[in-house]
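Let me begin by presenting the structure, written as structure tokens, before commenting on it.
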Amino acid sequence: MSTEETTPSNFIRTIINDDLESGRFAGPIHTRFPPEPNGYLHIGHAKSICLNFGLAQDYPGGLANLRFDDTNPLKEEQEYIDAIIEDVRWLGFDWGDRLFYASDYFPKLYQYALKLIENGVAYVDDLTADEIREYRGTLTKPGKNSPYRDRTTAENLDLFHRMKVGEFKDGSRVLRAKIDMASPNINMRDPVLYRILHATHQRTGDDWCIYPMYDWAHGQSDSIEGITHSICTLEFEDHRPLYDWFIEQIGIFHPRQIEFARLSLTYTLMSKRKLLRLVQDGHVTGWDDPRMPTLSGFRRLGYTPQSIRTFADRIGVAKSNSTIDFSVLEHAIREDLNEHAPRAMAVLQPLKLVVENYPEEMVEEFEVKTHPQDRDDTETRVVPFSREIYIEQDDFMEDAPKKFFRLAPGREVRLMGAYYVTCNEVIKDDQGNVVELRCSYDPESRGGQSPDGRKVKGTLHWVSAKHAVAAEVRLYQPLFTKENPEDVEDGQDFTSNLNPNSIEVLPACMLEPSLAEAVPGRGYQFMRQGYFCLDSVDSTPEKLVFNRTVSLRDTWAKVNTK
RNA sequence: UGGGGCGUCGCCAAGUGGUAAGGCAGCGGACUUUGAAUCCGCCAUUCGUAGGUUCGAAUCCUUCCGCCCCAGCCA
């Protein structure tokens, strides 16, 4: 953790400070990150993770738990649990020995339900799902009481017990809280506590055939764990009265719930359900496709945990729905990689350049700095130079405008760390494509500086042809063509905004030899182009595959399009 | 026509009665063996609207306008 900046103040910290001052809670603060294991974590979850674990780190004695809200065995899988654990760890957070599952509390929750029944505030309802919906009323019309609402305690106890032991079919009965069918808050209209589901749970197996609803499990789980501040997203704001009601009825520790706005990012989809669809329908190669906004996708793309933490700190926390510009994220990763990534030269779209006056068999080895951005860093690497090299196709233009600082007929440029070279002749194929450049070099400019002090405006990266290491490089564009992927015509869905050019594969790139030793998981700057990393899935020593994490800022491209 | 939230620069976001922080983006310029990075400037007389209270309001009160969420035996 290098350049940690002061976390800006936000309304949650204000509330916590007040609570600490008033002594509302006996001890230090305690938060938790409570994912449902029904998909992979995405950048939106990172905001919540950084918030919850960050708060615990910042306040003396603070603690943060990781708890899986695993109350729906139909949608949850062990694969997701494993992936989530890996991702939170990767992000850099630690929950000590406090890894919990809502399913740990199934027995306790059952006892709480019994208590509600005994207190006459819960009942077994035989209405069908459709009937329950009808009885619930609408946003503007109050609901009406179920005919089963006034069963006796004894009858409820008996029925609930029989639900638990498996006497009834899925969906035939539910346990409901008895609150107020006319409440303006729909969450208070006798919410369902338990449903019958003869399903095998990934952790509790076949121990249960009734499973608690999220609303019934969540608040109590927080209470059981002694969570002081239950931080969740805005849509749960009007569930808070219900959670408060449960806690009061049962008479247990009362956490304080605080709601904040979830993250939205331009060009990014942030719904697990829809991300799952992208995976299932094959629009991407998997949850860890580098184009996915999942943590595993960003990791594979080359994002660092630090960059994501920095991002989370910078975007702030508030209650207004907002959409962060993707450039904020890009800035965070560039900032981190600029400081730490070793530099190297790589030619993505090679154009052959022959230095005509350079001896045929001669090879020189130039020692160049690996971290030229850091004056004090002395690490170097060796790059070989020879008569035939590759430069970038974009670095040559036959009819170049004055502002084009690169190679053109008759113009002189510097080959980074090597020599000045002047273009004498352009060789084309039958179609008129430029296939080779014939140049001459100035032996006096060895190392990239001329003793006569003459300046060249352009400096190009290059790779010696006979020493080059071949590689495949994958360039990525946003997965969607619209800032808001959900902005669609009637009858369409977000898949109509999928970007057909979200991935571009460059099969024949030429890298400087040092890159053959590239370390998996490490980011490299391909000078003048961007930051790249080995693809953790497809790269092999025989066939290197690099992903472009993010390009360098390119003001020339901007000027050029004007 | 119900309930719950939110409205401060293009995008985020501080500010909590004393006269509008910061980041991203953008725009100038310096420097540069990465058209990168770095540096230096510029970028809200105004806080959704209209009134009111006050010596003084983005902050307090009222009005209106706009946007988001809620009718799963999902979370």
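Since the structure is predicted, the reported quantities are computational estimates derived from the model, not experimental observations. Chain letters run A, B, ... following the sequence lines, proteins first, then strands; residues in each count from 1. Only this structure's heavy atoms are used, side chains among them; waters, hydrogens and symmetry mates stay out.
With A:K178 contributing its side chain and A:R149 its backbone, the two residues share a donor-acceptor pair below 3.5 Å. Although no hydrogens or angles enter the test, the distance criterion places a donor-acceptor pair under 3.5 Å between the side chain of A:R343 and the main chain of A:A341.
If you take OH of A:Y267 and C1' of B:C11, they are 12 Å apart, rounded to a whole angstrom. Rounded to whole angstrom, the span from the CZ atom of A:F11 across to the C1' atom of B:U8 amounts to 17 Å. Between A:R375 atom CZ and B:U38 atom P there is a gap of 15 Å when expressed in whole angstrom units. At whole-Å resolution of the value, NE2 in A:H331 and P in B:C24 are 4 Å apart. The NZ-C1' distance, from A:K319 to B:C69, rounds to 12 Å in whole Å. Put simply, CE on A:M188 is 15 Å from C1' on B:G2, counting in whole angstrom units. When the C1' atom of B:C69 is taken as reference, atom CZ of A:R262 falls 11 Å away, rounded to whole Å.
If A:K141 and A:T459 are placed on RNA chain B by their nearest nucleotide, the residue sitting closer to the 5' end is A:K141.
Looking at A:Q373, its side chain has no donor and acceptor atom pair within 3.5 Å of the base of B:U38. Put simply, the side chain of A:R406 and the base of B:G35 share a donor and an acceptor less than 3.5 Å apart.
Picking from B:G2, B:A37, B:U34 the nucleotide with the shortest atom distance to the side chain of A:T140 gives B:G2. Checking B:G35, B:G23, B:U32 against the side-chain heavy atoms of A:V328 singles out B:G23 as nearest.
Each of A:E444, A:Q449, A:E364, A:R414 was evaluated against A:Y419; a single residue qualifies, A:E364, per the side-chain hydrogen bond (donor to acceptor under 3.5 Å, both in side chains) test.
The same atom, P, is picked in B:G48 and in B:A14; the two are 15 Å apart, to the nearest Å.
Base pairing of B:G15: its partner is B:U8, meeting the Watson-Crick or G-U wobble criterion (both donor-acceptor distances under 3.5 Å).
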Could you list the donor-acceptor pairs under 3.5 angstrom formed by side chains in residues 548-557 of chain A, with sequence neighbours left out?
unit_1, atom_1, unit_2, atom_2, d
A:T549, OG1, A:L301, O, 2.7
A:D554, OD1, A:W556, N, 3.2
A:D554, OD1, A:A557, N, 3.0

For this session: If a protein heavy atom is under 4.0 Å from the base, mark B; if only from the sugar-phosphate, S; if neither, -; do that for nucleotides 70-75 of chain B going 5' to 3'.
Result: BBSBSB
